[in-house]
Protein chains: 2
Amino acid sequence: MPFRYQLWMELRHLKYFIAVAETLNFRRAAERLNVAQPALSRQIKDLESSISVKLLDRDTSGTRLTEAGGVLLEEARDIMERIDMAREMARDAQAGRRGHLQIAGLGSMSLSLLSDTLSRFRLAYPKVDVSLHDIGYRDLMSELRAGSVHLGFSFDPNLRETREFKSVQVVKSRARIAMSVQHPLAKQDLVSLKDFDDDHIFCIGKAGMYDLHRRVTQSILSERNIYHKPLKFVANLELMMTMLAGNYGVSLVFPRFFGDISQVVIKPILEDGDDLEIFLSAVWRRNLQSTLVNNFVEILKDVDLG
Amino acid sequence: MPFRYQLWMELRHLKYFIAVAETLNFRRAAERLNVAQPALSRQIKDLESSISVKLLDRDTSGTRLTEAGGVLLEEARDIMERIDMAREMARDAQAGRRGHLQIAGLGSMSLSLLSDTLSRFRLAYPKVDVSLHDIGYRDLMSELRAGSVHLGFSFDPNLRETREFKSVQVVKSRARIAMSVQHPLAKQDLVSLKDFDDDHIFCIGKAGMYDLHRRVTQSILSERNIYHKPLKFVANLELMMTMLAGNYGVSLVFPRFFGDISQVVIKPILEDGDDLEIFLSAVWRRNLQSTLVNNFVEILKDVDLG
DNA sequence: CTAGCTTACGGGCCGCGTAATCATC
DNA sequence: GATGATTACGCGGCCCGTAAGCTAG
């Protein structure tokens with residue numbers, strides 16, 4: 001397949017043309033350009049013939065722009081500005097001051113934590129476009145590999161320091177139980193996981209994107225052989241909080257990844273165990289040499305999310 | 001004074017870079033460009049060093065865009081499009097299909113006649129920007145000379161065929177008297193200028209822009225030694241028509257330059273004389289080689305304004 | 001050994017500068 | 001003659017192509 005763009009001129013032609021069009025005098029334009037006048041004449045002539053358009057009227061009374069010349073002058077100036085801008089943009093991009101940063105996390109659970117980091121990053125690098133994506137943790141690896149996501153947030157230990165990925169631990173949280181203030185146990189300071197066999201236990205999401213919550217909840221309960229009713233699912237965090245506030249059930253939550261909701265109290269758990277700790281990590285491809293990601297991670301480390 | 005735009009690259013560099021960035025393979029890109037691979041390598045290297053930005057990561061696993069490269073790729077594509085567009089626009093301009101056409105006339109008196117011509121011109125040359133200006137006939141000559149107005153409309157015989165200007169007669173009209181339907185003479189088919197010594201005679205404008213009407217009216221009346229009350233002035237055509245409709249006076253008008261107004265009748269004049277004929281001409285600078293103007297005049301001639 | 005990019009080197013095109021030519025005032 | 005633009009012409013840079021070099025699988 002041949003190439004799309006034909007080269008019918010070079011930037012030199014535009015530069016020379018602008019100079020002549022602005023001075024309307026070949027000799028002075030040549031001086032400004034530090035070239036000899038004949039060279040300038042020749043280039044203008046070449047430009048005109050390459051587009052088959054008369055750009056300048058040269059007669060005894062002087063040199064004047066034709067209408068086509070006037071039109072091209074505006075365009076040419078604009079193009080030269082674009083050229084300069086392109087260089088600046090590339091430099092910005094190299095310095096991590098410009099670009100597109102695609103960040104993905106496990107739904108609002110992790111992304112809602114980032115508001116501080118995001119605002120500080122925006123302050124430091126205002127020209128960087130940041131996009132947030134809610135994707136499932138299963139997709140995260142492949143998206144990171146493909147490069148369509150540059151930085152991910154994950155609770156998955158498999159997606160931490162490996163030969164392929166780098167990561168930094170962002171925050172950890174210990175599982176607690178969230179329930180309505182009207183729940184019988186809401187007055188206790190400490191509750192046991194065994195106390196909720198009569199309650200519905202809510203999880204966010206049903207399959208795919210949000211099913212991390214279900215997996216963690218199920219694993220914690222079955223690890224301890226705790227009887228419980230079948231898990232109930234709600235689509236998102238807000239819905240779950242509404243259900244909890246209405247005392248329709250309880251939920252195993254990781255307080256730092258949630259906001260404070262009135263009508264809902266969060267109680268520590270009597271039981272012990274490492275699996276009650278959950279770690280949120282930022283993950284990115286090790287061989288992705290991205291100043292954007294590096295800058296973002298620097299700020300991320302600097303921000304106290306705890 | 002040195003020149004504004006520095007040349008740190010040529011379009012060739014952009015073209016080559018786009019090809020490499022799209023194929024991510026120097027050899028295939030070189031094929032598409034019909035150059036040898038080393039030449040391509042060298043140009044990309046030159047481009048990178050000229051802006052001090054790494055655009056492509058070349059390692060054993062292949063060639064990939066850096067972030068800066070991605071940014072530049074978008075810009076480069078855009079610039080190449082602009083280049084092609086610039087040529088098309090210049091060609092359009094040369095063919096009179098694009099540009100700015102500045103038209104001036106003597107207020108709404110003449111410009112309101114042009115709606116047919118304007119709409120046909122717009123149909124034929126949609127990319128041409130037409131601006132209408134209301135300027136006095138005194139300014140018209142200087143504006144035409146300066147080139148800030150390309151085509152003018154004038155009743156002034158001095159602004160017709162001269163060594164400096166070309167013109168074409170657009171329409172002529174014979175003076176009549178406009179008066180209210182309630183005017184005592186409104187029932188007559190023919191009236192004499194001498195019948196109105198008791199009526200106020202209205203003219204549009206007081207000084208400057210619109211005073212052509214006053215000059216013509218005054219000249220016609222004094223030429224015939226007709227007694228009349230001092231002329232009364234109104235700012236514009238609409239106001240005058242309102243005054244006439246209210247039977248506050250009469251006016252010497254040139255029907256083709258006015259619209260039909262209810263409550264106002266227009267009567268032929270008994271008197272004879274060449275000075276009762278007024279000609280509207282389109283005028284432009286003779287040595288202005290403007291396809292836009294030529295095209296416009298062609299359509300103007302073609303449209304029946306009578 | 002192959003694939004893929006870079007370095008080395010010689011040739012040719014072209015853009016430049018000097019000088020001459022043309023045109024108008 | 002002065003100003004200003006266009007040919008004429010030889011030089012030099014640079015872009016290119018061929019060939020060799022380098023690295024990784």
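So you know, we letter chains A, B, ... as the sequences are listed, proteins then strands, and number each from 1.
Checked against side chain to side chain contact (heavy atoms under 4.5 Å, CB included), A:Asp84 has the following partners two or more places apart in sequence or in another chain: A:Arg87, B:Tyr5, B:Trp8. With sequence neighbours excluded, the residues satisfying side chain to side chain contact (heavy atoms under 4.5 Å, CB included) with B:Glu75 are A:Arg82, A:Ala86, A:Met89. Not counting sequence neighbours, the partners of B:Ser148 by the side chain to side chain donor-acceptor pair (under 3.5 Å) test are B:Glu143. The salt bridge (Lys or Arg N to Asp or Glu O under 4.0 Å) search around B:Glu81 returns none, not counting sequence neighbours. Residues satisfying the ring-ring contact (aromatic ring centres under 6.0 Å, His included) test with A:Tyr125, not counting sequence neighbours, are A:Phe121. The side chain to side chain contact (heavy atoms under 4.5 Å, CB included) search around A:Ser219 returns none, not counting sequence neighbours. With sequence neighbours excluded, the residues that form a side chain to side chain contact (heavy atoms under 4.5 Å, CB included) with B:Gln94 are A:Val53, A:Lys54, A:Ala68. With sequence neighbours left out, the salt bridge (Lys or Arg N to Asp or Glu O under 4.0 Å) criterion links B:Arg122 to no other residue.
Annotation: side chain to side chain donor-acceptor pair (under 3.5 Å) contacts involving residues 62-71 of chain B, sequence neighbours excluded, comprise A:Ser290-B:Glu67.
Applying a 4.0 Å cut-off to non-hydrogen atoms, the residues of residues 33-54 of chain B that approach DNA chain D are B:Asn34, B:Val35, B:Ala36, B:Pro38, B:Ala39, B:Gln43, listed by residue number. Taking a 4.0 Å limit (strictly below) on heavy-atom distances, residues 11-25 of chain A reaches DNA chain D at A:Asn25.
There is no side-chain donor-acceptor pair under 3.5 Å between B:Gln102 and B:His150.
In this structure, CG of A:Asp57 is placed 12 Å from P of D:dT6, rounded to the nearest angstrom. If you take CG of A:Leu56 and P of D:dG4, they are 16 Å apart, rounded to a whole angstrom.
With a heavy-atom cut-off of 4.0 Å to chain B, the contacted part of DNA chain C has its first and last nucleotide at C:dG4 to C:dT7.
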